[in-house]
Amino acid sequence: MHRRRANNAVDRAPFSRALLDGDTLEAARLLLGARLVRGSGFRARVGRIVEVEAYVGQDDLASHARFGRTKRNAVMFGSAGLAYVYLVYGMHYCLNVVTEEPGRPGALLVRGVEPLAGMDEMRRARVEWLAARPSRATGRSTAAERARLELAGGRIAALADASLASGPGLVCAAFSIGRSDDGTDLCDPGSDLRLETAGEDEARSIQTGSRVGIDYAPEPWLSKPWRYWIKGNAGVSGTSNSRRRAG
DNA sequence: GAACCGATTTCCT
DNA sequence: GGAAATCGGTTCT
C-alpha cells in the first residue's frame, strides 16, 4: 500500500530506461513530467521536470559530443539513464539525462523543475551552494562575505516555490547536484538521485523552441526546435518564460 | 602553456 | 540592460 503525502509526493515507479535508450527527441517528450528525486524519507526533495533540451549525436554541433569523446563528456557515450553532470562558466553545474544506445552520444539537459516536496530542503541547498562558492575577494570568510550570504539567504527564503529550480544551474543547486553525481544511474531506485514516473493524469501541453546559449553553433543546429517545456508552468526557466525568446 | 569561450545566474546601474 | 564570477576543454602558439 502507498503512503501518500499531502503534496503529491507519492512513491512512484522508477523511470524506465527503455523510454530513454532510443531517439532523444522522443525521449524528451517522455521525460517531461517525470519526477526528479533526491534522498528519501521526510526530507526527500521531489520535483516535476518541466523543461528539457535535447543534444543529439556527434553531428549535433551544439552538443558537447561534437569534438568526440573527452574525459568530461564520456558519460554521454554510455548507457541511457545515466546522469551527465558538468560545470559551465566555471560555477554552475548542469544535469543531463543520457539517451540513445551506448556508443551514440545523446542527452537531455534538465532546464526546469517544478518543486513538489522538500522545498525547505531545496532552500537550504540553494543557500549552501552559494556559501560553497569561492569568495570573490580573498577566498576567506570575511564579514562582508557573511553579510552578503545572509542577504542572499533572505532572498532565497522569500522566493516562490516555483522559482526554486527554474533554470539548469538552479536545478543543480536546489537538488545538491555536483561532480560526484556524474555517472549516477537515474533509473536505479536505489540511487540517492533518481527519476520516477510521471503522474498518469497530468496535462501535457508541450511547447518547443530553439536551444539556449549555443550561439557558437552553426545552422541548422542553432535553430533546431529541440527545447521542450510544459506550457505556462512556472517552473520553466526565465529564458523560456520571457517574451524575447518564445518558440 | 596561454588565450579564448562556454548548454548560467546574480548583482549593479 | 550589462557585466562579473570562474574552471575546464579546445585550439592556438
Side-chain angles (χ1 to χ4, degrees), chain A residues 24-25 28 31 49 51-77 83-99 105-113 122-123 125-139 142 144-145 147-159 163-175 177-179 182 208-218 221-229 235-245 247:
Chain A
T24 303
L25 301 185
L31 188 59
I49 295 175
E51 180 182 1
V52 300
E53 237 170 44
Y55 292 86
V56 189
Q58 202 162 331
D59 298 336
D60 179 359
L61 294 184
S63 172
H64 284 178
R66 66 190 181 280
F67 298 119
R69 189 188 191 121
T70 67
K71 187 180 176 188
R72 177 174 68 158
N73 69 16
V75 177
M76 283 185 78
F77 291 76
Y84 167 43
V85 180
Y86 65 89
L87 187 67
V88 269
Y89 299 114
M91 44 188 341
H92 298 290
Y93 286 102
C94 289
L95 169 68
N96 296 253
V97 179
V98 173
T99 56
L108 293 166
L109 169 67
V110 179
R111 293 189 51 89
V113 166
M122 294 181 193
R123 288 195 169 81
R126 286 278 307 268
V127 175
E128 187 175 273
W129 180 81
L130 281 179
R133 281 198 307 178
S135 157
R136 295 178 187 178
T138 61
T142 64
E145 187 67 15
R148 191 181 70 83
L149 200 58
E150 189 157 340
L151 203 64
R155 280 203 348 272
I156 290 171
L159 272 183
S163 306
L164 286 173
S166 59
L170 298 178
V171 168
C172 287
F175 283 79
I177 296 167
R179 193 183 312 279
D182 190 41
T208 66
S210 59
R211 295 173 292 181
V212 175
I214 55 162
D215 290 345
Y216 56 87
W221 312 110
L222 181 60
S223 301
K224 292 280 188 188
W226 288 352
R227 179 165 42 102
Y228 302 78
W229 67 94
V236 308
S237 69
T239 24
S240 298
N241 257 344
S242 73
R243 48 207 172 282
R244 49 195 187 105
R245 268 199 165 246

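In what follows, chains are A, B, ... by sequence order, proteins preceding strands, each numbered from 1.
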Contact under 4.0 Å: A:Arg111 side-chain N or O vs B:dT8 OP1/OP2
yes
If you compare every side-chain N and O of A:Arg179 against the phosphate oxygens of C:dG8 (OP1, OP2), does one of them come in below 4.0 Å?
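Looking at the OP1 and OP2 atoms of C:dG8, one of them is under 4.0 Å from a side-chain N or O of A:Arg179.
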Grab the [atom1]-[atom2] distance between [X] and [N] for me, whole Å please.
{"X": "A:Arg155", "N": "B:dC12", "atom1": "CZ", "atom2": "C1'", "answer": "12 Å"}
{"X": "A:Ile177", "N": "B:dT8", "atom1": "CD1", "atom2": "P", "answer": "15 Å"}
{"X": "A:Leu87", "N": "B:dG6", "atom1": "CG", "atom2": "P", "answer": "15 Å"}
{"X": "A:Trp129", "N": "C:dT6", "atom1": "CH2", "atom2": "P", "answer": "10 Å"}
{"X": "A:Tyr89", "N": "B:dT8", "atom1": "OH", "atom2": "P", "answer": "5 Å"}
{"X": "A:Leu149", "N": "B:dC11", "atom1": "CG", "atom2": "P", "answer": "10 Å"}
{"X": "A:Arg148", "N": "B:dC12", "atom1": "CZ", "atom2": "P", "answer": "9 Å"}
{"X": "A:Leu130", "N": "C:dA5", "atom1": "CG", "atom2": "C1'", "answer": "12 Å"}

In which stems does DNA chain C show up, taking only runs of three or more Watson-Crick or G-U wobble pairs whose two distances fall under 3.5 Å?
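Runs of three or more consecutive pairs: B:1-6 with C:7-12, B:8-12 with C:1-5.
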Is the backbone N or O of [Y] less than 3.5 Å from a side-chain atom of [X], with the two atoms forming a donor-acceptor pair by type?
{"X": "A:Asn73", "Y": "A:Gly68", "answer": "yes"}
{"X": "A:Arg111", "Y": "A:Trp229", "answer": "no"}
{"X": "A:Arg126", "Y": "A:Ala173", "answer": "no"}
{"X": "A:Ser210", "Y": "A:Lys224", "answer": "no"}
{"X": "A:Asn96", "Y": "A:Tyr84", "answer": "yes"}

Aromatic rings A:Trp226 and A:Trp221: how do their planes relate, parallel, tilted or perpendicular, breaks at 30° and 60°?
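The arrangement is tilted - the two ring planes meet at 30° to 60°.
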Run the salt bridge (Lys or Arg N to Asp or Glu O under 4.0 Å) check on A:Arg211 and A:Glu53 step by step: do they pass?
CA-CA 7 Å; A:Arg211 295 173 292 181; A:Glu53 237 170 44; 5.8 Å; no
Closest non-hydrogen atom pair between A:Leu31 and A:Val52, with its separation:
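Minimum heavy-atom separation between A:Leu31 and A:Val52: CD2-CG1, 4.1 Å.
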Rounded to the nearest 0.5 Å, what separation is found between the OG atom of A:Ser163 and the CD1 atom of A:Ile156?
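Spacing of OG (A:Ser163) from CD1 (A:Ile156) equals 11.5 Å.
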What residues in residues 62-74 of chain A put a non-hydrogen atom under 4.0 Å from any atom of DNA chain C?
A:Phe67, A:Thr70, A:Arg72
Using a 4.0 Å heavy-atom cut-off across all strands, classify A:Leu109 as base, sugar-phosphate, or nothing.
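Base: the residue A:Leu109, judged by heavy atoms under 4.0 Å, touches a nucleobase.
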Which nucleotide wins on minimum distance to the side chain of A:Leu170, given the candidates C:dA5, B:dT8, B:dT9?
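From the listed options, B:dT9 comes nearest.
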